[in-house]
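Before any comments, here is the structure.
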Amino acid sequence: MTERTDDLYGRIYEAVQLVPQGKVATYGDIAAVVGNGCDARTVGYALNDLPKGQDAVVPWQRIINSSGGISTRGTRQRRLLEQEGIVFDARERIDLGTYRWEGPAAEWAEAHGFHTLRPRREETQLRLF
DNA sequence: CAGATGACTCCCA
DNA sequence: CTGGGAGCCATCT
């Protein structure tokens, strides 16, 4: 049996749990927070391997692709997100500029060995001038 | 170790 | 917009 002692998946699940309701994060965002050689693809792989019992505590549905769309099959993920107040546009995509998670608090990240997300000027720029 | 696979992402035509 | 291809990493054959 493939006993997974990999902290990697555990860390990924931990990072996913940081995403609050009503917000979303991309696979790449989670990978960046986890760091340590983690990759967007690895995040997707980990979530695909998420134990059934864990889906209750790990908000896997809040992880979407960099295009703002869902990568899972079916409509379950979309339905769950809409229940949280996430709005999909006509192209079935989520506005990352509005719903994208800003990352963990610097202190928390520091204490748990995670990384913070770098601000995305191009998407969240408010232009107060 | 090599090859295949996958809930990724970026680039180019 | 759609497709194809490269780069990426972890896991399984």
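Small disclaimer: the values here were computed from a predicted structure and weren't measured. Just so we're on the same page: letters track the sequence lines, and every chain starts at 1.
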Exercise for the section: Give a yes or no on whether a salt bridge exists between A/R100 and A/D95, defined as a side-chain N under 4.0 angstrom from a carboxylate O. Expected result: no

Problem - Side-chain donor/acceptor contact of A/Y27 with base of B/dA7 under 3.5 Å - result: yes

Fill in the blank from the handout: From the candidates C/dA10, B/dC8, C/dC1, the one with an atom nearest any side-chain atom of A/L8 is C/dA10

Problem - Interatomic distance where CG belongs to A/N48 and P belongs to C/dC9 [whole Å] - result: 20 Å

Fill in the blank from the handout: Of the listed B/dT9, C/dC1, C/dC9, the closest approach to the A/T26 side chain comes from B/dT9

Handout entry: Cation-pi, A/F88 ring and A/R78 (6.0 angstrom, 45 degrees)
Key = yes

Exercise for the section: Using whole Å, report how far CG of A/D7 lies from P of C/dT11. Expected result: 11 Å

Problem - Charged N-O contact under 4.0 Å between A/E84 and A/K23 - result: no

Practice task
Write down the distance between OH (A/Y45) and P (C/dC9), rounded to a whole number of angstrom.
Solution key: 16 Å

Practice task
Taking all heavy atoms of A/T26 and all of A/I63, pick out the closest pair and write down the distance.
Solution key: C-CG2, 4.1 Å

Practice task
Tell me what A/N65 touches on the nucleic acid: a base, only sugar-phosphate, or nothing, going by heavy atoms under 4.0 Å.
Solution key: sugar-phosphate

Handout entry: Length of the CD1-P vector between A/I30 and C/dA10, whole Å
Key = 17 Å

Handout entry: Rounded distance (Å) that lies between atom P of B/dA7 and atom OH of A/Y13
Key = 14 Å

Problem - Nearest-Å distance for atom pair CH2/P, residues A/W60 and B/dA7 - result: 13 Å

Handout entry: Atom-pair distance (CG on A/D39; P on C/dT11), nearest Å
Key = 12 Å

Handout entry: Between B/dG6 and C/dC8 - C1' atom distance, rounded Å
Key = 12 Å

Problem - Atom of A/I12, atom of A/V34 and distance for their closest heavy-atom approach - result: CA-CG2, 3.8 Å

Practice task
May I have the distance from A/D49 (atom CG) to B/dA7 (atom C1'), rounded to whole angstrom?
Solution key: 12 Å

Fill in the blank from the handout: Closest to the side chain of A/Y9, out of C/dT11, B/dA7, B/dT9, is C/dT11

Problem - Any A/S66 side-chain N or O less than 4.0 Å from OP1/OP2 of B/dC10 - result: yes

